[in-house]
Amino acid sequence: MDEVERAERVCGELDSALRAAGIVLPSLGLDVASCASVPPRPLVELGRCHPDTAKALVAVVWAGVGR
């Protein structure tokens, strides 16, 4: 599996996990420019979201670390 495929898989896993927690990041995806380098060094772009979505994400992260 190459780096772009790995990044696509991780992006999908993150999307699934967030959706299971009731969070949707509409701009979640791969940064196209980072995939175009040789060799590709793909980055997962989380994108923009509404402040309520960001607050929900904060709550899930804190719950995950036991706070």
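We count residues from 1, following the sequence as given.
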**Student:** Quick one: closest heavy-atom pair of Ser37 and Ser34, and the distance?
**Tutor:**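 Of all heavy-atom pairs spanning Ser37 and Ser34, the closest is OG-O, 3.5 Å.
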**Student:** Specify the closest pair of heavy atoms between Glu3 and Pro42, including all atoms of both residues, with the distance to one decimal.
**Tutor:**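 That closest heavy-atom pairing would be O-CG, 3.4 Å.
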**Student:** Give the cluster check for Leu14 versus Val4: same hydrophobic cluster or not, with ILVMFWY residues linked at side-chain heavy-atom distances below 4.5 Å.
**Tutor:**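 Looking at the clustering, Val4 is in the same group as Leu14.
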**Student:** Once you round to the nearest 0.5 Å, how far does SG of Cys35 lie from CD of Glu8?
**Tutor:**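 Those atoms lie 7.0 Å apart.
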**Student:** Do Leu57 and Leu18 have side chains that approach each other closer than 4.5 Å (heavy atoms only, starting at C-beta)?
**Tutor:**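 Side-chain contact under 4.5 Å: yes.
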**Student:** Under the side-chain hydrogen bond (donor to acceptor under 3.5 Å, both in side chains) definition, can you give me all pairs with a residue in residues 9-29, not counting sequence neighbours?
**Tutor:**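 Non-adjacent pairs meeting side-chain hydrogen bond (donor to acceptor under 3.5 Å, both in side chains): Asp15-Arg19.
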**Student:** What about Leu25 and Leu43, same hydrophobic cluster or not, with Ile/Leu/Val/Met/Phe/Trp/Tyr joined at side-chain heavy-atom distances under 4.5 Å?
**Tutor:**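 No, Leu25 does not connect to Leu43 through the hydrophobic network.
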**Student:** Using distance only, find each side-chain donor-acceptor pair of residues 46-56 under 3.5 Å and give its atom names and separation, not counting sequence neighbours.
**Tutor:**
unit_1	atom_1	unit_2	atom_2	d
His50	ND1	Asp52	N	3.0

**Student:** Any chain of hydrophobic side-chain contacts (each under 4.5 Å) joining Leu30 to Val24?
**Tutor:**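 No: no chain of side-chain contacts under 4.5 Å links Leu30 to Val24.
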